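To start, the structure itself, in structure tokens.
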Amino acid sequence: MSCLHSTKRSLSYIMLAGWLLFGTAMAAKLDAYFGPNETNVVIELTKEGLVLGQTRIEPWPFVVPACDECELTVTQSLSLAGLTRTLSLSKSGTGTAPRWFFAQVLKPNERLPTGVVVRARESGVILERAGEQSTLGLGEQQSIDNCRYQLAWFERDTNQSIPATAGQPEVITEEPSASMQVIGWCQ
Amino acid sequence: LFVTKKFLKRDGGRQALILSLVYILAVFVQGCSGPDGDEPAERLLISEVGSSYYRNTLRWFEVYNPTSTAQNLSQFELRSLALNESESVLVSSHTFSLPSATVRAGGFLILRAQTLTDYPQYAGEDTDYVVHIDDGLFRPYWANNGFLELLKVRGGGSVDFVTFGNNYEPTIIPSWEFPVTVMPSDVDDFGRSIGRDANMTDTNSASDWQLYDWPTLGGPNDVCGTDDADGDLIPDCNEQPGTTFSGMPLYEWGARAGQSDIFIEVDSIDSTNGGTLFLDEGVLPRKEALENVVAAFAAEGFSLHIDIGHLFDVNPSPNPSIRNMGGGEVIPYSSSIAFTPFNGQAGFYDYKKNYFNYRRSLLFHYAIFGTSAKADGTAGSGGMGEVMGNDFMVTAGGFGLNSTNAASENLLINYQSSAFMHELGDNLGLLHGGDEDLNDKPNYISTMNYTYVMDGLPDLDNNPGDRYYKVFALSCETALVDGSHDDPADFRLGFSNGTSIPLDVTNLDETKGLGRTSASVNDVVDYNCNGDLAETGVDVSATVGAALSAALLTDHDDWSNIILDFGAENVFSDLDQSPSLSRMQIQTNSILRFKHPINNDRGEYIIERPAPERFLRMIQNLKAKR
């Protein structure tokens, strides 16, 4: 196990180095496949991506969360545009303070598991805590308190309607006005 | 034969011989006349002909089977004027083979010209309601002049004939003395028709035919008037007791003159795939959800008539009082559905083609409770709808909606009602900002607004800013009053009445709350979330303004601007112009709803081009010559 952990850590450091060097260039929407809540979740990095028990995020060009004997909690909230979903890892028996989280947000703003509010802006997001705001662009990182935040994906859709063409009615697909993927690592 | 044997025994051979001869003669006569004695075996009537103006319109006409036995269309041929568009040739007489299709006894079938050169990729598919005529070279053609003749394949001869404008002649006498003179063919007349009367009178004369402002495709010609004072696109006289429209008992289904009637057929995908998968409750319409939408419309004077079929009704007969007009049904499983399918998705319009009765198309919206809008079948967008159209879907598959406890069941019902009303709103011409795409305007208190669609409209007398805080000021977030997990009876649905004052995000008066002029003193909102609800000159441009990329937020009177004519878009000129109802549009678009050659009313249509002058001159001068 220790060897495995060591390997994982090494891999994590490599990924972190790559991310620090090429973070902005690697920005791409991640495909997340959400499984159920799990205890003692097994965390693995495969060539396809990050595996958290029955949950997968593909690809995963970021630091792999290191968390032993952790609980994986999946939360979701409805909007007409789809599901806003959050994954968070917290140490078993230590309350709800997350060690790591991944939020796929389909709303203009959302409260992250750390309590920080993320708000969509024209290009990028704002992180807000106790009245303090800081901007976070795609590929950038920001630290607030003991957590580091990464905006992995951001998309602003100002026009959700598909314009009419000759003889074809306009169709509105319920899509978010802004969608984002935010990752957080906490100490 | 039994009687003959009896006579042979009792009265001898003479009487028996006479009876046998009578019997043989009777059998012979019956064999010549058909199943009803005096009906020929191969018989159809041309019952209605759509008006046409442009040369590349997909012309349509309707046939009726007056006999007591089903007829196969392939027993007949069609003779008419014909156009070879690719070579710009119009011929005065061309005979078309007809495809194999059953016209049931007493039933109707629509025949349409197949698309040829314009959009061959959209070649029409035949259904139980409509078939297409295609010989690869010509398509049937008529304008204000023309004729249609049904011929028997076996033995030849005219089965039925109608001529209009010019006095064309049928193949076999008796010929018509006068043509039908009422066939309209101006651009403003597009969408009207000529047809026999409701009794299908057939005396081989022009007097059998009359002009109809409303076509009745695939149904009886039972339109009884031209007035539509309530503007719901149903003739007022067809909303009277005992009447039908295209055979549909609209009065029995709730339609009334003097009220705005909106009809919707709702189908739902079988999320269990025939019982092999777990039921996804989000895909199965809940009666409470639909009833709440009906109530929201009724409160504003609109009568919503939903046909969910037998989903809530185990009895075999339709019962409109429990939303069963005999049309809605559970349709086969697909993990994903889209208007424009790709990567294995099911197509909305394919479902519509197979499960929606053609004759309803003039009046009914068509809705599907679908599974996922994402091609991989995972949870995606919650729905989509045509704007000022007649098709929409709610796609809550994979959302985890369920009824395992009271709060979850409330969410399930409230979600379905909100999403259904929102997508229907698109069909009725409403956008996320009413008359604009700008979403999340706090003072636009409408189910069309994302701020209010999932959690319901706010209580203007009790913490009206609770939805606003959730969207724009999470640090002020409070428990929602009558939110999505609360009792559906308290969940507020509705479109806006437009009475909110405009909000300037740089200069807000918090004491005016969401801006409704009729709201109570409790309508106050702490826009800047500082604990003081009585401030003026509040600037939220950094939050609300930045999120919306707008400074002045306006309300919209949704209810007064609902567009019932889902074909009202002016397709003849500028598609971007504001929609407006006009007689021309009402009349013409009723047929344009059928413009798509694959039997639905959306998608690419044949680009309308006026017939070249020389074609028009040719038609004017053409006389049928045999």
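Naming: A, B, ... by sequence-line order, numbering from 1 per chain. Quick caveat, the model's predicted, so the values are computed rather than measured.
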**Request:** Can you tell which part of B/D440 gets under 4.5 Å to a heavy atom of chain A, answering side chain, backbone, both or neither?
**Result:** side chain
**Complete:** The interface call for B/D455 against chain A, heavy-atom contacts under 4.5 Å, is neither
**Prompt:** Under a 4.5 Å heavy-atom cutoff, which of B/G382, B/S475, B/G380 has the most pairs with chain A?
**Reply:** B/G382
**Request:** Using the salt bridge (Lys or Arg N to Asp or Glu O under 4.0 Å) rule, collect all pairs that involve residues 407-423 of chain B, keeping only residues at least two apart or in two chains.
**Result:** B/R286-B/E409
**Prompt:** Using the benzene-type ring in the case of Trp, are the ring centres of B/F420 and B/F392 under 6.0 Å apart?
**Reply:** yes
**chain B contact via A/E110 - which portion, at a heavy-atom distance below 4.5 Å** = backbone
**Item:** Region of B/T543 in contact with chain A, defined by heavy-atom distances below 4.5 Å
**Value:** both
**Pairing residues for A/E69 by the salt bridge (Lys or Arg N to Asp or Glu O under 4.0 Å) criterion, not counting sequence neighbours** = none
**Prompt:** So which part of B/L411 gets closer than 4.5 Å to some heavy atom of chain A, the side chain, the backbone, both or neither?
**Reply:** side chain
**Request:** Answer with yes or no after comparing the ring centroid distance for B/Y415 and B/F399 against a 6.0 Å cut-off, counting only values under it.
**Result:** yes
**Request:** Name the region of A/R119, side chain, backbone, both or neither, that has any atom closer than 4.5 Å to a heavy atom of chain B.
**Result:** side chain
**Prompt:** In terms of heavy-atom proximity below 4.5 Å to chain B, should A/R85 be classed as side chain, backbone, both, or neither?
**Reply:** side chain
**Complete:** So, the part of A/Y33 with a heavy atom under 4.5 Å from chain B: the answer is side chain
**Request:** Examine whether an atom of B/A396 lies under 4.5 Å from a heavy atom of chain A, and if so say whether it belongs to the side chain, the backbone or both; otherwise answer neither.
**Result:** neither
**Message:** For B/M454, which atoms come within 4.5 Å of any heavy atom of chain A: side chain, backbone, both, or neither?
**Reply:** side chain
**Side-chain heavy-atom pair A/M180, A/W153 within 4.5 angstrom cut-off** = no
**Message:** Under the criterion side chain to side chain contact (heavy atoms under 4.5 Å, CB included), I'd like the reasoning laid out for A/L138 against A/V125: C-alpha separation, chi angles, the key distance, then a yes or no.
**Reply:** CA-CA 8 Å; A/L138 192 59; A/V125 301; over 6 Å; no
**Request:** Go through the side-chain N and O atoms of B/K470 and B/T478 and say whether any donor and acceptor fall under 3.5 Å apart.
**Result:** no
